Amino acid sequence: MSTLKINSDRLWNSLMEMAKIGGTEKGGCKRLALTDLDKQGRELYIKWAEEAGCTVKVDAIGNIMCTRPGEDMSLAPVGTGSHLDTQPTGGKFDGVFGVLAGLEVVRSLNDQNIKTKHPVEISVWTNEEGSRFAPAMMGSGVVSGRFGLQEILDTTDVDGLRLGDELERIGFAGETPVTGRKFHAFFETHIEQGPYLEAENKQIGVVTGGQGQRWYNATLVGRESHAGTTPMHLRCDALLASTQLIQKVEQIAKAHAPGCGTVGFMQVVPNSRNTIPGKIEMSIDLRHPLDEQLTSMDKALSDAIAEIEAATGVAIQLDPFWYYEPIHFDQNCVNAVRKAASDLGYSHMDIIAGAGHDACYVSDFAPTSMIFTPCLNGISHNEIESTTQEECEAGCSVLLNAIVTMAEQVNEAETAELAAAK
């Protein structure tokens with residue numbers, strides 16, 4: 001049972017079929033959360049899951065739960081999964097690989113007539129990317145209790161469309177409660193989205209934890225004025241101040257290596273060729289695997305903003321609207337991934353997740369780990385994101401074996417809980 005393999009061609013063909021939904025000219029995908037394309041992707045996945053014998057439920061935030069029965073349905077499922085939504089210029093594999101790897105695990109268990117003690121459940125988490133609706137990882141965040149359900153349902157996108165209304169519109173405002181979900185164990189398989197595995201020539205990343213993140217919305221308010229009649233020394237240019245802030249973000253990240261700092265979103269008002277910008281709205285993303293360093297980065301950002309305000313006269317409002325601390329994954333789950341990789345003969349290394357993932361929030365309420373596979377040049381969130389069929393096969397085979405290992409275990413707490421229920 002330790003060297004089970006998946007159907008590599010079937011997994012790859014499923015990935016390529018899903019990639020047609022929202023496919024872009026450059027070979028990527030644009031399937032933003034709760035759009036018509038997201039609806040199509042969800043419906044195709046549900047069709048496949050039902051054909052594989054899974055029962056399907058949808059909860060109040062739109063998360064999809066597909067369950068393959070276990071021998072003892074009173075036991076908590078061993079879970080896996082990821083997300084189907086993409087970035088505006090996303091690739092074929094980010095998120096969707098984790099979902100379809102879970103589906104391939106179920107299909108492979110069926111092929112080999114393997115029955116597991118625990119049920120196996122595949123999750124599609126709503127709006128992991130946080131691109132259309134912020135913040136990211138909403139579906140798993142609501143289930144974990146990090147976010148309130150109503151708070152998230154009332155979130156709007158840049159066009160003012162409400163998330164709850166969009167769930168209703170595409171038919172995925174489910175009736176299953178978001179509270180009370182349990183997993184015996186949970187695994188998320190994902191392309192690395194970074195260069196380490198490729199650089200070290202390793203086939204599998206055994207993910208031991210995830211770095212912390214702080215997300216901010218910054219609003220810079222200067223003064224609109226005519227581009228031709230206002231002398232340089234009398235200007236209060238919000239865009240100019242924003243460029244100074246961007247440079248500070250980079251400096252802060254470099255001073256806290258291996259931290260990262262990114263400005264990825266900006267709106268300019270009035271965005272007119274011959275008017276000095278009076279208002280800027282921008283995002284700031286700070287990340288670090290050590291919480292004390294992330295706190296230091298936060299302090300440095302506040303200090304930098306005070307300096308820029310004093311130097312430019314531009315007022316800067318900083319909204320620190322999202323934070324989660326560095327994550328340490330469950331050692332038993334990590335060991336199951338490491339053993340599966342070793343038993344299958346795949347080269348592997350321990351690694352920290354640099355990006356946010358649904359597994360990070362799932363770890364709040366369940367034993368959790370992740371499996372990383374390489375991606376070409378470490379590039380993700382880009383239409384040229386690429387990996388190989390063999391790399392996907394390796395990650396999915398490790399997932400299959402880790403799931404089977406955990407699905408045969410019943411721990412003392414579960415035994416006591418079952419006895420009390422009887």
Side-chain angles (χ1 to χ4, degrees), residues 2-9 11-12 15 80-82 91-102 104-105 108 185-212 257-260 287-290 326-360 363 367-382 384-406:
S2 61
T3 55
L4 299 170
K5 290 291 186 77
I6 56 95
N7 185 321
S8 178
D9 288 339
L11 172 61
W12 188 256
L15 285 163
T80 187
S82 193
K92 300 186 187 77
F93 304 98
D94 176 3
V96 67
F97 171 47
V99 172
L100 296 184
E104 178 54 36
V105 164
S108 294
F186 184 88
F187 300 95
E188 182 173 0
T189 308
H190 210 284
I191 59 169
E192 181 195 352
Q193 301 182 283
Y196 291 105
L197 293 176
E198 187 177 65
E200 298 294 331
N201 196 29
K202 301 295 184 182
Q203 294 165 292
I204 297 294
V206 180
V207 187
T208 60
Q211 66 179 350
C260 295
R287 309 190 187 202
H288 203 284
L290 299 177
I327 302 296
H328 301 284
F329 285 140
D330 177 77
Q331 194 59 50
N332 287 335
C333 291
V334 170
N335 288 341
V337 172
R338 189 180 289 119
K339 183 178 187 303
S342 295
D343 289 347
L344 288 160
Y346 293 128
S347 59
H348 56 88
M349 61 181 284
D350 287 0
I351 195 168
I352 294 289
H357 297 285
D358 291 306
C360 295
S363 70
T368 303
S369 186
M370 295 187 70
I371 301 160
F372 275 177
T373 58
C375 55
L376 183 63
N377 298 321
I379 294 174
S380 184
H381 285 195
N382 188 314
I384 65 171
E385 172 187 277
S386 182
T387 187
T388 68
Q389 180 173 342
E390 293 73 22
E391 287 165 340
C392 290
E393 176 186 355
C396 190
S397 292
V398 170
L399 175 67
L400 170 60
N401 286 273
I403 284 177
V404 168
T405 295
M406 298 303 291

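We number each residue from 1, following the sequence as shown. Atoms considered below: every heavy atom in the structure, side chains included; atoms not considered: hydrogens, waters and symmetry mates. As the structure is a prediction and not an experimental result, all values here were calculated from the model.
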Could you tell me if the side chain of [Y] sits less than 4.5 Å from the side chain of [X], heavy atoms only?
X: T208; Y: F329; value: no
X: D94; Y: H190; value: yes
X: N201; Y: S347; value: no
X: E192; Y: K202; value: no
X: E393; Y: L11; value: no

Report task. Tell me, please, which residues at least two apart from D330 pass salt bridge (Lys or Arg N to Asp or Glu O under 4.0 Å). Result -> none
[X] side chain to [Y] main-chain N or O, any donor-acceptor pair under 3.5 Å?
X: E188; Y: A359; value: yes
X: S369; Y: F187; value: no
X: Q211; Y: G354; value: yes
X: Q203; Y: A394; value: no

Requested in this report: For side-chain contact (heavy atoms from CB on, under 4.5 Å), just list the numbers for D350 and R338, CA-CA rounded to whole Å, side-chain angles, deciding distance to a tenth of an Å, and then say yes or no.
Outcome: CA-CA 9 Å; D350 287 0; R338 189 180 289 119; 3.0 Å; yes
Can you tell me how far the [atom1] atom of [X] sits from the [atom2] atom of [Y], to the nearest 0.5 Å?
X: S397; Y: Y346; atom1: OG; atom2: OH; value: 4.0 Å
X: M370; Y: S82; atom1: CE; atom2: OG; value: 6.5 Å
X: Q389; Y: L15; atom1: CD; atom2: CG; value: 9.0 Å
X: F372; Y: I191; atom1: CZ; atom2: CD1; value: 9.5 Å
X: I352; Y: L290; atom1: CD1; atom2: CG; value: 9.0 Å
X: D358; Y: T368; atom1: CG; atom2: OG1; value: 11.0 Å

Do you know which two heavy atoms are closest between [X] and [Y], and how far apart they sit?
X: W12; Y: C392; result: CZ3-SG, 4.0 Å
X: A355; Y: R287; result: CA-NH1, 3.3 Å
X: A402; Y: A340; result: N-CB, 4.1 Å
X: C333; Y: A185; result: SG-CB, 3.8 Å
X: G378; Y: E198; result: N-OE1, 4.0 Å
X: C396; Y: A101; result: SG-O, 3.4 Å

Query raised in the report: What do the steps show when you test T373 against F93 for side-chain contact (heavy atoms from CB on, under 4.5 Å), and what is the final call?
Result: CA-CA 11 Å; T373 58; F93 304 98; over 6 Å; no
Report task. List for me each residue that meets side-chain hydrogen bond (donor to acceptor under 3.5 Å, both in side chains) alongside E104, sequence neighbours excluded, and say none if there are none. Result -> R10, S108
Report summary line: side-chain hydrogen bond (donor to acceptor under 3.5 Å, both in side chains) filter on E385, not counting sequence neighbours, yields S380
Query raised in the report: Only one of L400, L399, N401, T405 forms a side-chain contact (heavy atoms from CB on, under 4.5 Å) with I403, so which one is it?
Result: L399
